[in-house]
**Q** 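Once you've had a glance at the structure underneath, I'll fire off some questions.
Heavy-atom basis, side chains included; hydrogens, waters and symmetry copies ignored. Predicted model, so just to flag it, every value in this text is computed and none were measured. Reminder, nothing fancy here: chain letters follow the sequence lines and each chain counts from 1.
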Amino acid sequence: MVNTKIIRQRESLPVFPYRQEIIDAIKNEPLLVVIGETGSGKTTQIPQYMLESFPEFRLIGVTQPRRIAAITVANRVSEEHGCRLGEDIGYCIRFDDCTSPKTRLKYMTDGVLLREATIDSRLGHYDAIIVDEAHERTLETDVLFGLLKETHRLRPELKILVMSATLNVEKFSDFFNSCPIFVIPGRTHDVAINHHRDAKISSLKSTFVQRSVETSLYIHTQEPPGDILVFLTGQNEIEKACRDLEDLDRNLNYKPDVKYYEDVKGLVIYPIYATLETMEQKAIFDDPPRYTRKVVFATNVAQTYDPTTGMDALLVVPISQAAATQRAGRAGRTASGQAFRLYSRESYEQLEPDTVPEIQRSSLLGTVLSLKKMGINDIINFEFIDPPDPAMVKNALKQLFLLEAIDDTGKLTAMGNEMSIFPLSPFLSRVLIASARQYECSREVLIIVAMLSVEEIFISPRNAEKQMDADEKRKEFYHPSGDHMMLLNIFEKFRDNGYSRDWCRDKYFNYRALSMAKSIRDQLKELMEKHDLPLVSCRLKNYQVKDDGGRQRKKRRNSYQDVKYNVEKMLESFSTSYYINLAKRHPHRPVFYHYASATGPGSESIDSNSSLLALHISPTSALHPDNKVVRVDDLDWVTYHSVLYTNKALMKVVSKVKLEWVQERLGLFKKLAAANLDASCSKSKSENNMQDDTNDDNDNKVNSTMVDVQEVKNQDDEKKRKRLEVIEAARQRALARKSITDQD
DNA sequence: GAGCACTGC
């Protein structure tokens, strides 16, 4: 049955007049770059043209950066094509494979294709690969670029298309052997851009929320009807902006003395950020009531990875010119519009032209492990379109060595091979394997690992009363050993309550996060079964439910022995990785110091001082002094899952450990100093010599780090404390300064 | 002076 309406729709798309030209180009060229704006139809049409024109193609793969895009596009295309989703046309995302042996066109996330590549780096199932939304430059897209270039050498018959929305794509073409670029002319509307007369970005500081609210109100009262979209940096700012604008709106009396009040008689204000419930997110697409203007406050900030500490840090940084232009372009999607920048034209011109690709600002630990698994040993010389910072690569190699995933020559070990089975941070993969092969507690550790792989579990209500209620309710999950066991408690209670959304709401837990943890647990369990990793419980045999009130509880406080599980075994499993994040308490203060920073590039650069950065226990931790679960002086050694920089360095997910658990593994730091991890990199001799120097250096640093920690332990005079504080403050300032391009 | 944007396997 031919649906004429669908045909008419397909033919009205900007890409349609170029159908034959595109097909010819694909026929003649193994590599092709296609440019087309959002809405040009490139994502839905070009794969269909290929399906229709190349019947000999058994499978065409199209990657998308986001799950939702893969699903909706596949849906749309199967409808246009007149087949049921999952038959000729399907999609594949994590936890949801909607394809069949019949499938010839497969939409997927770039992460899925990357996982497939770790199993078969030739991508032998595919006759064509299309990397869509390449301009987003996700970590996965960038790695795929390098792999596909290699695959092209091995399989020149494989058709490779790179599709992008930006015009600045010579780079893609240059990378793929100067391949042709096909441009689909777009349909866009004019956007007028207004800059602030003189404000510098650096001078906005904390006033940007207030300024954005004032500007919104100005637009509302002075400009013709039309919605307003405001970009801010985080949830807090967004909520404050919503409140402030609502207050201002309430005080407006919509008298007919201003030109546009007859058309615009009120405001509807929406916040949008990821942790909002899906329903609340969808609300922003509702049509506002008549005569009202819609204002949306949305998020967007950048993540940075600090190579001097090897830690993730969330810092507010100025956007790039490209990102500013893209944001402004949002105003012209459906009609002409205006963009208001709260900073001057000069400030705009001083911004970085392009957004730094994700690969240059994130941890490469998992990426390097995947590449090694694919047989790519020489990571430094791997063909990246924009190579990552070599210091980041070296850091990743060191960490992988400390996890025993690679040996002292940089080669993948049997352990590393097994670790790459799991779609997890290599730290957590290592823990999971230890719990299965060594400590006999994988059934429980599996849960904790899943809980550590999801977004924030705790909801922090803004309302002070609710916040107190939330804090109170959290207490029932506390465990004297720390937060890992708390996570296990939470998941088990969630399970015992039938994975209920209402239960989550009552306890102030993020239902979406806990459901995701359940899915991940199930997936990991399947992978363990498939690869013969034993699933063993450490539940104690003689465990009986006994309620003898306070005495039992008091006894538990002084021991790691849970009445129910062998907690030591679980925490020992975690220590196989997290000895790298071992911290010792200051003798007289509730702060901690990292045991040996030899892992991070911190050891390479400045100082052994990085080990003296004061680490605080996060207020959300069961072990935080205010929570009174344990006395601070009962804490000696702890390991932490991650560090968050606020104005302090906060350890997140902290558990109490015994030094004897990690003593043996600490020896790996020593071995690291002697290892030559990028020996496989065929660098010039002089660079290799430099390499050796660095390694010698590391050896010294490891020692000095240990001496320093020892000093902290033995000495405790006021001067020393002062010195540490000065160092810490300097570090924090340096960290903040690095992120701001404008001078004060 | 307390708190973290977004993806994804």
**Q** Nearest whole angstrom, please: distance from the C1' of dC9(B) to the CZ of F95(A).
**A** 8 Å
**Q** Tell me what T109(A) touches on the nucleic acid: a base, only sugar-phosphate, or nothing, going by heavy atoms under 4.0 Å.
**A** sugar-phosphate
**Q** What is the distance, to the nearest angstrom, from the CE atom on M516(A) to the P atom on dT7(B)?
**A** 11 Å
**Q** Please check if the distance between the ring centroids of F172(A) and F145(A) is under 6.0 Å.
**A** yes
**Q** Are F427(A) and Y578(A) near enough that their ring centres are under 6.0 Å apart?
**A** yes
**Q** Please report the distance, rounded to the nearest Å, between CG in L650(A) and C1' in dG1(B).
**A**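 Rounded to the whole Å, the gap is 13 Å.
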**Q** Between P on dG8(B) and CZ on R512(A), what's the gap in Å once rounded to a whole number?
**A** 11 Å
**Q** Nearest-Å distance, CG (L369(A)) to C1' (dG8(B))?
**A** 16 Å
**Q** At 4.0 Å (heavy atoms only), tell me whether I93(A) reaches a base, stays on the sugar-phosphate, or touches nothing.
**A** sugar-phosphate
**Q** Report, as yes or no, whether the 6.0 Å neighbourhood of atom NZ on K149(A) holds more than 12 heavy atoms from other residues, nucleotides or ligands.
**A** yes
**Q** Would you mind classifying the nucleic acid contact of P619(A) as base, sugar-phosphate or nothing, using non-hydrogen atoms under 4.0 angstrom?
**A** nothing
**Q** Do the ring centers of F592(A) and H586(A) come within less than 6.0 Å of each other?
**A** no
**Q** Where each residue is assigned the nucleotide of DNA chain B containing its nearest heavy atom, which of D471(A) and Q523(A) is assigned the position nearer the 5′ end?
**A** D471(A)
**Q** Just how far, in rounded Å, is P of dA5(B) from CD of E237(A)?
**A** 8 Å
**Q** In whole angstrom, give the distance that lies between atom CG of L644(A) and atom P of dA2(B).
**A** 14 Å
**Q** Rounded to whole Å, please give me the gap between CZ in R474(A) and C1' in dA2(B).
**A**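 One finds 12 Å between C1' of dA2(B) and CZ of R474(A), rounded.
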**Q** Indicate, with a heavy-atom threshold strictly under 4.0 Å, whether R66(A) touches base, sugar-phosphate, or nothing.
**A** sugar-phosphate
